Colleague: 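Handing you this structure, nothing more for now.
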Amino acid sequence: MIKGNGLDIVCAERLKAKDKLAERILTRKEYEYCRTKRNPILHMAGRIAAKEALYKALANYENPVYWKDIEVLNGLNGRPMLSEECNATRFLDKNNLICSISISHDGSYAAGQAIVWEKKE
Ligand SMILES: CC(C)(COP(=O)(O)OP(=O)(O)OC[C@H]1O[C@@H](n2cnc3c(N)ncnc32)[C@H](O)[C@@H]1OP(=O)(O)O)[C@@H](O)C(=O)NCCC(=O)NCCS
């Protein structure tokens, strides 16, 4: 059963103008991943959008996770997923939930979506 859905869009140009914001809200691994890309700020914007989206998807729960509690990494095929080691994953596990994350970029905008499900017993 779907328990939450969140969507967010971030303008990379605006993020660029906010000095060191991305460094402050991305984990080290997220930041390093984005730095390997041709347009790092766009990938940072996508990761921030994904974090906001998960925060929205968990809006019905108490003690929601915050920026660095959420770590979005990429699987071997590039698919974005929550790191198994982050607090958000622990929060989801504790509440018998799983989540799926999707990111997209176009021009100077990046979007992130998160869907949260109840785990089957
Ligand atoms: C992987 C793919 C889907 C990415 O799409 P894109 O339009 O090039 O790029 P977008 O900016 O929209 O999305 C990039 C994000 O997609 C995500 N992504 C990458 N590989 C992915 C995969 N295998 N599955 C899901 N998401 C993926 C990543 O989060 C990436 O951002 P990040 O590197 O910052 O984490 C694309 O390169 C691809 O292979 N498309 C196949 C095209 C096709 O066959 N289309 C048929 C449609 S029916």
Side-chain angles (χ1 to χ4, degrees):
M1 182 186 181
I2 291 180
K3 292 295 207 174
N5 174 23
L7 175 70
D8 194 66
I9 184 163
V10 172
C11 175
E13 292 303 318
R14 286 186 54 211
L15 180 62
K16 209 174 186 173
K18 293 184 181 170
D19 194 33
K20 300 216 186 285
L21 179 64
E23 268 178 272
R24 276 189 274 123
I25 63 184
L26 295 176
T27 68
R28 188 180 47 81
K29 283 185 185 171
E30 289 174 324
Y31 192 76
E32 281 171 5
Y33 170 81
C34 296
R35 298 247 304 163
T36 66
K37 300 292 180 176
R38 193 170 50 83
N39 187 353
I41 199 80
L42 192 56
H43 290 265
M44 290 176 191
R47 225 132 289 253
I48 291 168
K51 287 171 189 255
E52 284 277 33
L54 181 58
Y55 184 84
K56 290 176 184 177
L58 293 173
N60 288 334
Y61 293 84
E62 277 180 34
N63 305 315
V65 288
Y66 208 55
W67 295 116
K68 284 194 176 173
D69 294 324
I70 304 169
E71 183 170 63
V72 181
L73 302 178
N74 297 72
L76 284 181
N77 60 0
R79 192 166 71 90
M81 55 184 63
L82 267 193
S83 150
E84 290 194 353
E85 289 153 24
C86 68
N87 284 339
T89 298
R90 283 187 270 278
F91 179 85
L92 292 169
D93 280 347
K94 208 173 91 190
N95 288 281
N96 201 37
L97 300 168
I98 48 174
C99 93
S100 171
I101 287 174
S102 187
I103 294 175
S104 186
H105 317 107
D106 193 24
S108 55
Y109 287 88
Q113 183 190 37
I115 300 177
V116 171
W117 283 274
E118 194 167 34
K119 244 187 239 175
K120 282 190 190 146
E121 287 302 324

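Remember, it's 1-based here, ligands and their atoms both numbered in the order they're listed. All values derive from a computational prediction rather than experimental measurement.
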Colleague: Would you mind finding which of Arg47, Met81, Glu30, Arg79 brings a heavy atom closest to atom 35 (O) of ligand 1?
Modeller: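 Looking at heavy atoms only, Arg47 sits closest to atom 35 (O) of ligand 1.
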Colleague: Which ligand 1 atoms, with their elements, are less than 4.0 angstrom from a heavy-atom of His43?
Modeller: 32 (P), 33 (O), 34 (O)
Colleague: When you measure from atom 18 (N) of ligand 1 to the protein, is at least one non-hydrogen atom found at a distance under 4.0 Å?
Modeller: yes
Colleague: What protein heavy atom lies closest to atom 12 (O) of ligand 1? Include the residue and the distance to one decimal.
Modeller: Ser104 OG, 2.7 Å
Colleague: Treating Gln113 as the side-chain partner and Ser102 as the backbone partner, does any N or O pair qualify as donor plus acceptor under 3.5 Å?
Modeller: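 Not confirmed, Gln113 side chain does not pair with Ser102 backbone.
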Colleague: Which residue and atom name correspond to the protein heavy atom nearest atom 28 (C) of ligand 1, and how close is it?
Modeller: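 Scanning the protein heavy atoms, the shortest distance from atom 28 (C) of ligand 1 goes to Gly78 O, 3.6 Å.
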Colleague: Looking only at heavy atoms, what is the nearest atom pair of Met44 and Arg35, with distance?
Modeller: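 So the minimum-distance heavy-atom pair works out to CE-CG, 4.2 Å.
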Colleague: Counting heavy atoms not belonging to Tyr33, are there more than 12 under 6.0 Å from its OH?
Modeller: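 Counting other residues, nucleotides and ligands, OH of Tyr33 exceeds 12 neighbours.
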Colleague: Do the side chains of Lys56 and Glu52 get close enough for a salt bridge, i.e. N-O under 4.0 angstrom?
Modeller: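 Here Lys56 does not pair with Glu52 in a salt bridge, since their nearest N and O are not under 4.0 Å apart.
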Colleague: Might you check, step by step, whether the distance between atom 48 (S) of ligand 1 and some protein heavy atom is under 4.0 Å?
Modeller: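 It does not; no protein heavy atom is within 4.0 Å.
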Colleague: Inspect the contact between Asp8 and Lys51 and indicate whether a charged nitrogen and a carboxylate oxygen are less than 4.0 angstrom apart.
Modeller: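 Salt bridge flag = no for Asp8 with Lys51.
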Colleague: Could you list the atoms of ligand 1 found under 4.0 angstrom from a heavy atom of Tyr33?
Modeller: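 Near Tyr33, meaning under 4.0 Å from one of its heavy atoms, ligand 1 has 32 (P), 33 (O), 34 (O), 35 (O).
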Colleague: Check the pair Leu21 / Ile48 against side-chain contact (heavy atoms from CB on, under 4.5 Å), numbers first and verdict last.
Modeller: CA-CA 10 Å; Leu21 179 64; Ile48 291 168; 5.6 Å; no
Colleague: Applying the 4.5 Å side-chain criterion to the ILVMFWY set and letting contacts propagate, would Ile103 and Leu54 be lumped into a single cluster?
Modeller: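 Yes.
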Colleague: For atom 16 (O) of ligand 1, what's the nearest protein heavy atom and its distance?
Modeller: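 Result for atom 16 (O) of ligand 1: Ile103 O, 3.4 Å.
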Colleague: Could you go through the side-chain contact (heavy atoms from CB on, under 4.5 Å) check for Glu85 and Lys29 one step at a time?
Modeller: CA-CA 12 Å; Glu85 289 153 24; Lys29 283 185 185 171; 3.9 Å; yes
Colleague: Report the nearest protein non-hydrogen atom to atom 31 (O) of ligand 1: residue, atom name, distance rounded to 0.1 Å.
Modeller: His105 CE1, 3.2 Å
Colleague: Specify the protein heavy atom at minimum distance from atom 23 (N) of ligand 1: its residue, its atom name, and the distance to 0.1 Å.
Modeller: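 Residue, atom and distance for the closest contact: Asn77 O, 3.1 Å.
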Colleague: Quick check on Arg90: does its CZ atom have over 12 non-hydrogen neighbours (other residues, nucleotides or ligands) under 6.0 Å away?
Modeller: yes
Colleague: Please write down residue, atom name and distance for the protein heavy atom closest to atom 26 (N) of ligand 1.
Modeller: Pro80 CD, 3.5 Å
Colleague: Does the protein come close to atom 14 (C) of ligand 1 - that is, does one of its heavy atoms sit below 4.0 Å from that atom?
Modeller: yes
Colleague: Counting only heavy atoms on the protein side, is anything nearer than 4.0 Å to atom 2 (C) of ligand 1?
Modeller: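 There is no protein heavy atom less than 4.0 Å from atom 2 (C) of ligand 1.
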Colleague: May I ask whether atom 44 (O) of ligand 1 is less than 4.0 Å from at least one protein heavy atom?
Modeller: no
Colleague: Establish whether atom 38 (C) of ligand 1 and some protein heavy atom are separated by less than 4.0 angstrom.
Modeller: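 It does not: no protein heavy atom is found less than 4.0 Å away from atom 38 (C) of ligand 1.
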Colleague: Looking only at side chains, do Ser108 and Glu13 share a donor and an acceptor under 3.5 Å apart?
Modeller: no
Colleague: Considering only protein heavy atoms, determine whether one is less than 4.0 Å from atom 8 (O) of ligand 1.
Modeller: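 Under the 4.0 Å cut-off, atom 8 (O) of ligand 1 has no protein heavy-atom neighbours at all.
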Colleague: Is it the side chain, the backbone, both or neither of Asp106 that has a heavy atom closer than 4.0 Å to ligand 1?
Modeller: neither
Colleague: For Ser83, does its backbone N or O pair with a side-chain atom of Thr89 as donor and acceptor, under 3.5 Å?
Modeller: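 Side chain of Thr89 to backbone of Ser83: a pair is present.
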